[in-house]
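Presented below is the structure to which this report refers.
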There are 2 protein chains.
Amino acid sequence: MTIDDAPREALRGGPRELLRWVATGAAVSRADLSRLSGLSPSTVSQRVEALINQGLLEETGAGRSRGGRRPRQLAVPTGGAVVGAIDLGAHHARVGTLDLSGRVVQGRTLPVRIEDGPEAVLGALLAEVAALAAAPDDPAASSATGSPTSGAAVGALRGIGIGIPGPVQHATGRIVSPSRMPGWNGFDVAAFCAGRVDVPIIVDNDANLMALGAHRTAYSELDHAVYIKAGTGIGSGVISSGRLHRGAQGSAGDISHCRVVADPAPLCSCGNAGCLEAVASGAALVTALRDQGVPVSDLTGVIRLIDDGDRHATALARQAGRAIGEILAVVVNFFNPQVVAIGGRLADCEPLLASMRATLYERCLPLATQTLLIERVATGQDVGITGAAHLVIDHVVAAN
Amino acid sequence: MTIDDAPREALRGGPRELLRWVATGAAVSRADLSRLSGLSPSTVSQRVEALINQGLLEETGAGRSRGGRRPRQLAVPTGGAVVGAIDLGAHHARVGTLDLSGRVVQGRTLPVRIEDGPEAVLGALLAEVAALAAAPDDPAASSATGSPTSGAAVGALRGIGIGIPGPVQHATGRIVSPSRMPGWNGFDVAAFCAGRVDVPIIVDNDANLMALGAHRTAYSELDHAVYIKAGTGIGSGVISSGRLHRGAQGSAGDISHCRVVADPAPLCSCGNAGCLEAVASGAALVTALRDQGVPVSDLTGVIRLIDDGDRHATALARQAGRAIGEILAVVVNFFNPQVVAIGGRLADCEPLLASMRATLYERCLPLATQTLLIERVATGQDVGITGAAHLVIDHVVAAN
DNA sequence: TGACTTGGTTCGCTTGTCGAAGAAAGTGGG
DNA sequence: CCCACTTTCTTCGACAAGCGAACCAAGTCA
C-alpha cells in the first residue's frame with residue numbers, strides 16, 4: 001500500500017498532538033492536555049477516550065494531588081503498536097521501531113553496500129524491520145542510544161518510513177537521478193516495499209526526515225527551521241510554518257550542487273565543477289586528502305585526523321565549513337529561519353562548524369542572525385528514523 | 001489602529017475567496033461558486049447572503065440561461081468600500097484605492113524624495129490616499145493602467161496598506177536598518193499613520209507585497225513562488241504554501257546583501273563589498289556606468305542606453321543578470337518554487353533577463369528547473385498596491 | 001468537619017456543514 | 001400548447017465538533 005496524498009496539517013489539539021504531549025511528558029493528565037491545547041476539558045476527555053479505545057493511550061493509575069482530586073495519569077502504552085523506520089546512508093543504515101508517540105523502541109545500525117542495488121539493500125532492511133517488530137525481546141536489538149523500552153513486548157506494525165540519501169519524489173515514492181547511488185535511478189521504492197509488506201510505506205529524502213525529526217523533538221515550538229545534514233553527502237531539509245517544505249518537485253533543500261568559490265574547483269560526480277558537494281562533503285574530504293598523499297580510507301579516518309589536529313585535514317575542514325556557510329548565508333538571508341540545525345557525522349567536527357558559523361555571521365544580514373540559533377542536533381543517530389516515524393504516524397493516526 | 005496578528009490562512013471557500021472569484025469573473029452565480037469552492041449549494045447561499053448583507057457583494061439581475069433557470073448574477077459593488085494602498089519606491093510612489101476584491105479603482109504615481117524623511121513623505125502620501133478616497137470623480141486620478149472604474153463613486157475607506165523599500169518588522173510596523181533610506185531607521189510607520197487616519201494600517205516590505213500581489217493575480221493556483229523585484233534596489237518576496245513567508249524576523253527574501261563573485265567587487269552602501277545590490281541593482285548600474293565615463297543621471301537613462309544597444313550598458317546588464325541568477329540558483333535549489341516572477345523596472349531589460357535565465361538553468365538541479373516558470377510579471381506598476389490591498393482586505397473582511 | 005481546590009464527566013447548546021427535497025425559472029420536443 | 005428535463009437556488013432536517021455550565025469525585029488544609 002502506498003500513500004500519495006500529502007500529510008494533513010497537524011490540527012490544534014489533534015490526536016497526534018495530544019499523543020506527543022503525553023509521550024514527551026509535557027502532559028500527564030487530561031487537565032494538563034486541556035491547558036496545553038486550549039481545548040475545553042470536555043473535548044479533551046472525548047478525544048482521550050477515543051485514543052484509549054484505539055489502544056494508543058492508557059491510564060496508569062492516579063498521580064499526586066496538587067490540592068484537589070488526584071489526576072488519572074495517562075501514558076503511551078509500552079508494547080503497543082509500532083511503526084518501522086529505515087534511514088539509509090551511504091555506508092550504513094539505521095533501522096528501528098518506534099512507538100506511536102515517536103519514541104524509539106528498538107534501534108540498530110547495519111552496514112550496507114548501496115552499490116548492491118535497491119532490491120538487495122531494501123530487501124535486507126525490510127527483513128530487519130520485520131524481525132525487530134516480531135522479536136520483542138532480542139537484547140541485541142537494543143542500541144547504546146535511545147532504546148528506553150527495548151525489552152518490552154512489541155505490538156502490531158502499522159507502517160514503515162524510509163529515508164533515502166538522494167532526490168525522492170515523495171508523492172510517488174520514486175528515486176530521481178541520485179548522484180551517488182548507481183543502479184537506483186528511477187527505482188520505485190514505495191512499490192517495491194508495498195509488494196513485500198502489507199503496511200503503508202512512506203518514502204522521503206533523508207535530510208527531509210531528519211529535519212522533521214529534529215523539529216518534532218527539539219524545535220517544535222519554532223515555525224521556520226533549516227536542517228543541514230553534513231555526512232558523506234550534503235543535504236538539507238526545510239521546515240516552513242511548522243511543516244516540512246518539499247517544494248514543487250519535492251527537491252527542496254537539495255543544495256548539494258550549488259556552486260561555491262574554490263580554487264581549484266574540484267569536479268563533482270554530477271559533471272559540474274565547484275559544487276558544494278565536491279568541496280565540502282565527507283566524500284570530498286576523503287578524496288582531497290588522498291590527493292594530498294594522506295592515506296585515509298573513509299570519512300571516519302578523516303574525522304580522526306581532524307580530531308588529532310592534522311593540519312591538512314583541519315584546513316580542509318575549515319574550507320568545507322566556509323563553503324557550507326557561504327551557501328547557507330544565502331539560505332538564511334532568503335528564508336530567515338529561527339534555527340539552523342546541523343547533523344550528520346561532520347557536525348561533530350569543530351573546525352568545520354566554527355568556520356561555518358563565522359561565515360554565516362559575516363555574510364548574513366544582522367537582522368537575520370540576531371536571534372538565529374545555529375546548533376548541532378542533539379538527537380544523534382536516531383534523528384532520521386524519528387522523522388520517518390513521525391511522517392508515518394501522521395498518516396496512520398487519524399487526523400481528527 | 002495597528003494590527004499585529006498574522007493574517008489567518010484563507011480558508012477553503014472563505015468569504016475572501018468567494019469575493020475574489022466573483023471579482024475575477026471566475027464565478028458569476030452561486031452555482032459557479034459552489035462548483036469552484038467544492039462547498040455545498042446551501043453553504044454557498046448562506047455565505048453569499050452574509051456578503052450581500054455586509055455590502056461586499058450585490059445581485060445584478062439574471063444572466064443567460066444554460067438550459068435551465070437563469071442564474072442570479074453576482075458582482076462586487078462599484079462605489080462600495082475601498083482600501084488605500086501605498087507602494088513607496090526610491091524615487092516614486094504608487095498610491096491608489098482598490099475595491100474589496102482587490103481591483104484597482106484609482107491609481108496615481110507621485111514623485112517622492114525619500115531623503116525628506118518619513119514624516120514629510122508619508123504625510124503627503126497619506127493625504128493623497130485620503131484625497132483619492134474622498135474625490136470619486138477626479139479624472140486626473142485615472143491612470144493609464146488598471147483603472148476600470150475610476151469614474152465611479154468611492155465608498156468608505158476601510159484600511160491602508162503600505163509597502164516600504166527596506167526591511168520592515170511587519171508585526172510592529174517599524175523600519176529596521178534600511179540601507180538607502182536615510183532618516184528612516186527605526187521609524188514606526190504604523191504608529192505614525194495611525195495617528196493621522198483612523199483606519200487599520202498594515203506595513204510590509206515592498207517586495208513582499210509585490211509577491212503577494214503577483215501571486216493573487218497571476219499564480220493563485222501555485223503553492224510556492226519567489227518574486228524578484230529588480231529596480232533601484234533588489235528585493236524578493238516568498239510565497240510558501242500559498243501564504244506570504246516572512247520568516248523569523250520578517251526579513252525573509254532580503255537577498256540584497258548576499259555576496260556574488262565580481263571583479264572588482266564594488267563597495268556596497270552596507271559597508272561590505274560584492275553584495276548583490278552593489279553589482280546588480282539599478283543604482284549600481286548607474287554608478288558603474290558613470291565610473292566608465294558614461295553620462296547617465298538615473299536608471300531611466302541606463303535602461304534607454306540598454307534599449308539603444310550601448311555595449312557598455314548592455315555588458316553591465318548581462319553581468320547583473322548573471323549575479324542575480326547566481327543567487328537565485330541557490331534559492332531555487334533550496335526552495336524549489338513553481339515560479340520565479342520578476343518585476344521592477346529592470347524586468348523589462350532583455351539582456352539582464354536572458355543572462356539571469358541562462359545562469360539559472362545552468363546552475364540549478366534539472367529537477368528543480370524542469371517545470372519551473374521564469375516569468376516577467378504582467379501586472380506592471382500596480383502589483384505593489386494590489387498586494388498591499390490584499391493584505392488589508394485579508395484583515396478587514398471577516399475570516400469566516 | 002467543612003471550605004476550598006483540582007480533576008473529570010455529563011448534557012444541552014451553538015455553529016458550520018452537508019444532503020435531500022423541492023421550488024423557481026428556464027429550454028425544447030412532440 | 002403541454003410536458004419532460006435542466007439548471008439554479010432555497011429550505012429544512014441531520015449530523016458532527018466543540019464549548020460552557022453544572023455537577024460529581026476526590027483530594028488538601030485550617
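Below, chains carry the letters A, B, ... as their sequence lines are ordered, and counting in each starts from 1.
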May I have the distance from A/Glu59 (atom CD) to C/dG7 (atom C1'), rounded to whole angstrom? 12 Å
Atom-pair distance (CG on B/Leu39; C1' on D/dT8), nearest Å: 17 Å
Whether the side chain of A/Ser42 and the base of D/dG20 hold a donor-acceptor pair under 3.5 Å is what I'd like checked. yes
Could you tell me the separation between the CG atom of A/Leu18 and the C1' atom of C/dG8, rounded to a whole number of Å? 15 Å
For D/dC9 and B/Ser34 - does any side-chain N or O of the residue sit under 4.0 Å from the phosphate oxygens OP1/OP2? no
Does B/Arg70 make a side-chain N or O approach to OP1 or OP2 of C/dA25 shorter than 4.0 Å? no
With sugar-phosphate meaning primed atoms plus P, OP1 and OP2, does A/Ser40 contact a base, only sugar-phosphate, or nothing at under 4.0 Å between heavy atoms? base
Does the pair A/Asp382/A/Arg103 count as a salt bridge with the N-to-O cut at 4.0 Å? no
Would you say D/dT8 has OP1 or OP2 under 4.0 Å from some side-chain N or O of B/Arg66? yes
Quick one: label A/Arg64 by what it contacts on the DNA or RNA (base, sugar-phosphate, nothing), any heavy atom closer than 4.0 Å. nothing
Under 4.0 Å, heavy atoms only, any strand: does B/Pro71 hit a base, just the sugar-phosphate, or nothing? sugar-phosphate
Presence of salt bridge, A/Asp394 and A/Arg216, under 4.0 angstrom: yes
Comparing A/Arg72 and B/Gly68 on DNA chain C - which has the more 5′ nearest nucleotide: A/Arg72
Under-4.0 Å salt bridge between B/Arg30 and B/Glu49: no
Do B/Arg69 and C/dG26 share a donor-acceptor pair, side chain to base, under 3.5 Å? no
What is the distance, rounded to the nearest whole Å, between atom CD of B/Glu49 and atom C1' of C/dG16? 15 Å
Classify the angle between the aromatic ring planes of A/His245 and B/His224 as parallel (below 30°), tilted (30 to 60°) or perpendicular (above 60°). perpendicular
Side-chain N or O of A/Arg30 closer than 4.0 Å to phosphate OP1/OP2 of C/dG7: no
Position toward the 5' end of DNA chain D (nearest nucleotide), B/Gln46 or A/Gly67: B/Gln46
For this output row, return yes or no: ring centroids of A/Tyr227 and A/His215 closer than 6.0 angstrom. no
Report which part of the nucleic acid A/Ser65 touches: base, sugar-phosphate, or nothing (heavy-atom distance under 4.0 Å, all strands). sugar-phosphate
Determine: side-chain N/O of B/Arg47 to OP1/OP2 of C/dT17, distance under 4.0 Å, yes or no. yes
